[in-house]
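What follows is a set of notes on a single structure, which appears directly below.
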Amino acid sequence: MISNRQKKQYTLSELTQGLDVTIKGDPNCLISGVTTIQQGKHGTLSFLMNPLYKKYLATTEASAVILAPTLAENCPTNAIISRDPYYTYAKIATFFEQRPVQPIGIHPTVVVGQDCIIDPTASIGPHCVIGNGVKIAAHVVIGPNCSIGDETEIDEQTRLDAGVNIYHQVKIGKRAQLFSGVVVGSDGFGIAKHGGVWHKVPQLGRVIIGDDVDLGANTTIDRGAIEDTVIERDVKIDNLVQVGHNVRIGEHTAIAGCVGIAGSATIGKNCLIGGAAGIGGHISLADNVMIVGMSGITKTIREPGMYAAGVAGIQEITEWKKASARYHRLEQLMERVATLESLIAELTEDRKSTR
Amino acid sequence: MISNRQKKQYTLSELTQGLDVTIKGDPNCLISGVTTIQQGKHGTLSFLMNPLYKKYLATTEASAVILAPTLAENCPTNAIISRDPYYTYAKIATFFEQRPVQPIGIHPTVVVGQDCIIDPTASIGPHCVIGNGVKIAAHVVIGPNCSIGDETEIDEQTRLDAGVNIYHQVKIGKRAQLFSGVVVGSDGFGIAKHGGVWHKVPQLGRVIIGDDVDLGANTTIDRGAIEDTVIERDVKIDNLVQVGHNVRIGEHTAIAGCVGIAGSATIGKNCLIGGAAGIGGHISLADNVMIVGMSGITKTIREPGMYAAGVAGIQEITEWKKASARYHRLEQLMERVATLESLIAELTEDRKSTR
Amino acid sequence: MISNRQKKQYTLSELTQGLDVTIKGDPNCLISGVTTIQQGKHGTLSFLMNPLYKKYLATTEASAVILAPTLAENCPTNAIISRDPYYTYAKIATFFEQRPVQPIGIHPTVVVGQDCIIDPTASIGPHCVIGNGVKIAAHVVIGPNCSIGDETEIDEQTRLDAGVNIYHQVKIGKRAQLFSGVVVGSDGFGIAKHGGVWHKVPQLGRVIIGDDVDLGANTTIDRGAIEDTVIERDVKIDNLVQVGHNVRIGEHTAIAGCVGIAGSATIGKNCLIGGAAGIGGHISLADNVMIVGMSGITKTIREPGMYAAGVAGIQEITEWKKASARYHRLEQLMERVATLESLIAELTEDRKSTR
C-alpha cells in the first residue's frame, strides 16, 4: 500500500520548521505539493538552484519558491530564502513523499536457509531466497524476488528493492538503499591465460558496503580477488555502474550512471565522477577529485581538482569528419611548420649576410 | 510451449499478399524459412538492404531475395522488388516466427495485492509479485519472476519478459515490450550535499511509457524528481540503456545499446541515438537529430541533422600514442606558427624597405 | 552452506604439487591463506606479477611469494618461482576457495514445464521457472529466481547464479558460468521504419554459447535476427556488457566490463577488448586483436595488434578546455601555415631573383 495517501496541506511555517531559512511573504500560505519552477501552480512550492531555470522565476505561478538570498528580490511570490536551496527543497519534499510500505515479517513464500538471524521488525517480500547464516537487522526491507547469499549481513534500516541479488559473505551497512537489479558480490574478472586457455583466478575477497550507501538500478559490484571490495559510507552510486574487484571508494563520493571502475582502482573521499566515465585499473584518485562525464581516466590523480580526458565539443557530422581528418594530419602539419622554420632561418641568415 | 511448431511452407504470393511489392520470377515458389543472403539455401527467402552485402547477391542460393528495384536486374533468382526491402522482410519474417506462449491467467504462485484489476485475458507467469491497486489490461503477458509496484497500470497487449521490475505508480501503454531485467521507476539520482553529507532528494514523479515502446534487456528508467519521466509512443530503446529522471523522449525515436541519458534531458521526435552515446543533463535535442555512437552530447542541439563529438578514427597503438602526444603539443605548435608569422612579417617588411 | 569451512593449512609442497615451479626456501612452510603483497601476513602466500607492486616485495610479511625467476633473488621470504606467477597463483588459490553449495535436485518451489529432461545430479534453486522442452545436463547448478525459456539446453557443470534469465532455444555449453542478472536470448534491436512508424523485425535466430564461457553480472546477449549469435568456447565476458544480434565472438577472447558490441560484428579468437570499448556493427576484428578501453572501433581490423581510438591523456579542466578549443581551431592553424608557405615561397623566389 502506498503510505501517506491523503494529500495534505502544510503552511510554509510548518514546512520550514527547524530549517535554517527565512520566509519572505506569508508564512501561513498553504502548500499541497511541489512543482518545477516552469510548471509551478497555485498551492505548490518550487525551488530555484540551476541558473538555467532563472528565467522562469518572474512568471512562475508557484505559491512559494525556495531560492538563494541574491534572488529573493526578484521573486514575485512567497520566498523561502536559503543559502542551500536544493538541500532545503530535499528536506521539505519529504512531506509530500509517498512510498509503498511492505508489511513487516517474512512472507510465507520466502525460502530461508539455516542459522539465519532475522530481526522480527525486518520485512522480507515474496519469493525471496535467503541462504544459510544470513543476518538481517532491524527494520531492513527486502523487496520481492531478491536472493541473499550465505553468511551475508545486512544492517539496520537498509532497503533492497525487488530483484536484487547479493552473493555470499557480503556486508551491507545501515540505511543503505539498493535499487532493483543490483548485483553485489559476483566474482571479479580474474582470469589467467596459460597454455592458450583461460584459467579462473578464485575470487576470495568479499564486498563491504558502508552505511548510507545507495546503489542504483542494475549496478554491479564485484567481490575482491584477495582483499575486499570496499564502498565506504555515504557513497552514492547511480544506475548501471560497474565496480570491479578490489576497488575502494571513499566516503561521500558520488558516481553518476554508466560509469565503469576497473579492478583495484582507489577513489578518494568526496569525489564526483561524471556519467559514463571510465576509471582504469590499479590507479588512484585523490580526495575531492571531480571527473567530467565520459572521460577515460588512466593515470593516478594526486591533486584535488576537476579533470577530463578526450576532446570536448559537438560538431555537425561533416565538420566532425573534417576535424578528425585534420587531427590525423597533425604530423604533416608539424613537418610543414618545421620546414618553414628552417626556410625562415635560412632567409634570416641570408638577410643578415646580405646586409 | 513454442507456438507455430510445424515448419510451414508458403508461396511467394502468399508471403507478399497485401504488401506493396512486385514479384519477379515464380510467384508459386515455395519458401520454408528465411536466411541471410550469404547463407542463402534452396527453399529460403533472403533480403538485401545493406550495401556491404551486395557482393553476395550473384552467388546466393536463396530461392528468392527481397531487394530494391535498382538491384532487381542483378538478382539471379526470384526477386521480391520493394522500395523498402527491410520493411518488407520484417513483414514476411513474421510468417516464420516461433514465440513461446504463456498460458492465460494468473499462475498459482503469483502473489497479488489488494484492489488490483487484472483482465482475465492477461497472463501472469510464475512467481510474479503484484502490488496493491495494480491495473493490468487485456492480453498483457507478464513473464516469470516479475514485480509490479503499487498502483502501476499496464495497458493492453503489453509484454514483460522474465525478471522485469516495475516500481509503483508507473504507467505503461499498449503493445509495449519490456525485455528481461528492465527496471522502470527506480529513484532518480537526486542527492544534495549539506554539511559534508549527502541528503536524499525525494523522487516524487512517475514514469509514463507510451504505446508501442520497447525497452531492451537490463535497461533502466528512473522516475521523475517532481514531474514525470516520459517515454512517448513508438520509442525503441535497446539493451543496457540508462534514462535519468525527468527525461522526456519524443515519439518514434530509437536509442541503441549502452546509451546514457542524464537527468532532465529532452530528446525530440524521430531521433536516432547511436550506441554508447551520452546525453548530458538539462539539454535538449531537436526533432530528427541523429547522434553518432559514443558521442558525448553536452549542449542543446536546435537543428535537425547528424552530430558527433570526440575524434573519429582508429589507430595502431604506437601511432595512437604519437597522435595523442601531438595533440597535447598543439599549444607549442600554435606558438611556433605565431613566431613564424612575426618573422615572416619582419622579412617581408624588410624586403619592401630594401627594394 | 559454504563449503570447505575449516581454515586448512597446507605446506608449500602440497600447494605446488603438479605445478611447474621451483620452491626457494622451506617447502614445509605452512600456508593458511592468500594475501596481497602489500598486506602480506605471516602464514599467508602472496604473488607478484604487476610491476606496480614490485616495491612491496622487500618489506612483505607474507611467508611465501609466487614470482618470476628474475625476481627470486630479491625475495626476502620463501619463494615459489614460476614462469607464469599469475597462473600459478590461480591454481594455488583454489585451495582456499569457499563457495556456497546448493543441494542437488529440484527445489519444490520450482515450476517446471512439460517434456523437460533434467539430470538428477543437477541443482535447481528456489523459485526458478523452467519452460517446456528444456534440457539440463549433469551437475548443472541453477541459482534461485532464474528463468529458462522453452527448448533451451544447458550442458554439464554449467552454473547460473541467482536471477539469470535465459530465453527460449538457447544452447549453453559445458562448464559455463553465468553471473546474476545475465540475460541471454532477448530480441536483437531489429526495427524498420516505414510510414513514419517503427516495425519490429522478427528475431528468428538463437544464441549458442560454447564450453567454458563466462558471462559477467547483468551482461546481455541478444538472439540472432536470422542466423545465431555465437559466443565460442572459452570466451570470458565481464559485467554489464552488451552483445548485439548476430555477433560472433571467437574462442579464448576476453571482454572487459561495460563493452558494447553492435549487431553483426565478428570478433576473432584470442582478442582482448578493454573496458567500455564499443565495437561497431557489421565490422570484423582479426584474431589476436587488442582494443584499448573506451575506444570506439568503427572499421574492420584485419591485422593482429593493439588498436585504439580517440585521444589519450587526462588534463586538468582548464587545460582540457583550452586544448579542445585549439583542436577546434585546427583549420585556421592549417590556413595560417598555408599562408606562411606561400609567403615564404614568395620571399625565397624573390631572394633568388635579387641575387
Side-chain angles (χ1 to χ4, degrees), chain A residues 1-2 34-36 39 50 52 84 86-87 89-90 93-94 96-97 100 109 125-127 143-145 161-163 179-181 216-218 234 236 238-240 252 254 256-258 275-276 293-294 310-311 313-317 320-321 324 327-328 330-331 334 337 340-341 344 347-348 351, chain B residues 111 127 129 131-132 145 147 149-151 163 165 168 181 183 186-187 189 191-192 194 196-202 204 218 220 222 226-227 240 242 244 260 262 278 280 282 292 295-299 301 305-313 322-323 326-327 333 336-337 340 343-344 347 350:
Chain A
M1 185 131 35
I2 302 277
V34 293
T35 48
T36 60
Q39 305 278 344
N50 189 329
L52 276 176
D84 192 345
Y86 194 43
Y87 166 73
Y89 169 75
T94 59
F96 303 102
E97 201 173 13
T109 57
H127 302 312
N145 298 327
D161 290 342
F179 291 91
S180 286
N218 283 350
D234 199 31
K236 304 295 181 180
D238 197 2
N239 297 359
L240 287 173
H252 312 302
C258 305
M294 299 192 81
V311 176
I314 9 170
Q315 298 177 294
E316 191 278 329
I317 188 77
W320 176 70
K321 284 183 182 168
S324 299
Y327 173 84
H328 291 290
L330 261 183
E331 188 176 5
M334 285 185 165
V337 169
L340 284 171
E341 282 167 338
I344 286 271
L347 284 171
T348 309
R351 184 182 64 159
Chain B
V111 176
H127 302 312
V129 180
N132 300 307
N145 299 325
S147 74
D150 291 359
E151 299 179 14
N165 293 298
H168 54 289
V183 177
S186 44
D187 279 354
F189 199 53
I191 50 175
H194 186 83
V197 170
W198 290 112
H199 297 262
K200 182 169 184 67
V201 180
L204 308 176
N218 284 348
T220 57
D222 279 344
I226 297 179
E227 306 293 325
L240 287 172
Q242 149 68 356
H282 298 274
V292 169
S295 297
I297 304 302
T298 50
K299 281 190 182 158
I301 297 178
M306 193 168 182
Y307 298 86
V311 176
K322 280 187 201 159
R326 275 176 222 127
Y327 172 83
L333 187 67
R336 283 163 65 188
V337 170
L340 284 171
L343 285 173
I344 287 271
L347 285 171
D350 194 53

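Convention: sequence-line order gives letters A, B, ...; per-chain numbering from 1.
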Side chain / backbone / both / neither for [X] at chain A, heavy atoms under 4.5 Å:
{"X": "B:A262", "answer": "neither"}
{"X": "B:I301", "answer": "side chain"}
{"X": "B:S147", "answer": "both"}
{"X": "B:V197", "answer": "both"}

Testing the basics here: between [X] and [Y], what is the closest heavy-atom pair and its distance to 0.1 Å?
{"X": "A:G163", "Y": "B:N165", "result": "CA-ND2, 3.9 Å"}
{"X": "B:G310", "Y": "A:W320", "result": "O-NE1, 2.9 Å"}
{"X": "B:K200", "Y": "A:A90", "result": "O-CB, 3.6 Å"}
{"X": "A:H328", "Y": "B:A312", "result": "NE2-O, 2.7 Å"}
{"X": "B:I226", "Y": "A:T36", "result": "CG2-N, 3.6 Å"}

Nearest-0.5 Å distance, [atom1] of residue [X] to [atom2] of residue [Y]:
{"X": "A:F96", "Y": "B:L204", "atom1": "CZ", "atom2": "CG", "answer": "9.0 Å"}
{"X": "B:L347", "Y": "A:T348", "atom1": "CG", "atom2": "OG1", "answer": "4.5 Å"}
{"X": "A:D234", "Y": "B:H199", "atom1": "CG", "atom2": "NE2", "answer": "8.0 Å"}
{"X": "A:M334", "Y": "B:R326", "atom1": "CE", "atom2": "CZ", "answer": "7.0 Å"}
{"X": "B:H194", "Y": "A:D84", "atom1": "NE2", "atom2": "CG", "answer": "5.5 Å"}
{"X": "A:I314", "Y": "B:I297", "atom1": "CD1", "atom2": "CD1", "answer": "5.0 Å"}

Hey, mind stepping through A:V311 and B:Y327 against side chain to side chain contact (heavy atoms under 4.5 Å, CB included) and telling me if it holds?
CA-CA 10 Å; A:V311 176; B:Y327 172 83; 3.5 Å; yes
For chain B, which candidate among A:A162, A:A93, A:S180, A:G313 shows the most heavy-atom pairs at distances under 4.5 Å?
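Of the options given, most contacts go to A:S180.
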Residue among A:G125, A:G143, A:G257, A:A254 with most heavy-atom pairs under 4.5 Å to chain B
A:A254
Modelled atom types, side-chain donor and acceptor of A:N239 and B:D222, under 3.5 Å:
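Yes.
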Is it the backbone or the side chain of [X] that comes under 4.5 Å from a heavy atom of chain B, or both, or neither?
{"X": "A:M294", "answer": "side chain"}
{"X": "A:A276", "answer": "neither"}
{"X": "A:L52", "answer": "side chain"}
{"X": "A:N145", "answer": "side chain"}

Taking the side chain as C-beta and beyond, is there a heavy-atom pair between A:F179 and B:D187 under 4.5 Å?
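Counting from C-beta outward, A:F179 and B:D187 do come under 4.5 Å.
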Using modelled atom types only, decide if a donor and an acceptor are shared between the side chain of B:W198 and the backbone of A:K236 within a distance under 3.5 Å.
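No, because the side chain of B:W198 does not come within donor-acceptor range (under 3.5 Å) of the backbone of A:K236.
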Check: B:L240 main-chain N/O paired with A:N218 side-chain donor or acceptor under 3.5 Å:
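No.
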Test side chain to side chain contact (heavy atoms under 4.5 Å, CB included) on B:Y307 and A:I317; report intermediate values, then the result.
CA-CA 5 Å; B:Y307 298 86; A:I317 188 77; over 6 Å; no
Would you call the rings of B:H127 and A:H127 parallel, tilted or perpendicular, where under 30° means parallel and over 60° means perpendicular?
perpendicular
Flag the pair B:K322 and A:E331 as a salt bridge only when some basic side-chain nitrogen lies within less than 4.0 angstrom of an acidic carboxylate oxygen.
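Looking at B:K322 and A:E331, the cut-off is not met.
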Determine the option with the most heavy-atom pairs under 4.5 angstrom with chain A, choosing from B:G244, B:G196, B:S295.
B:G196
Which is it for B:V337 and A:V337 under the side chain to side chain contact (heavy atoms under 4.5 Å, CB included) test, yes or no, and what are the steps along the way?
CA-CA 7 Å; B:V337 170; A:V337 169; 3.8 Å; yes
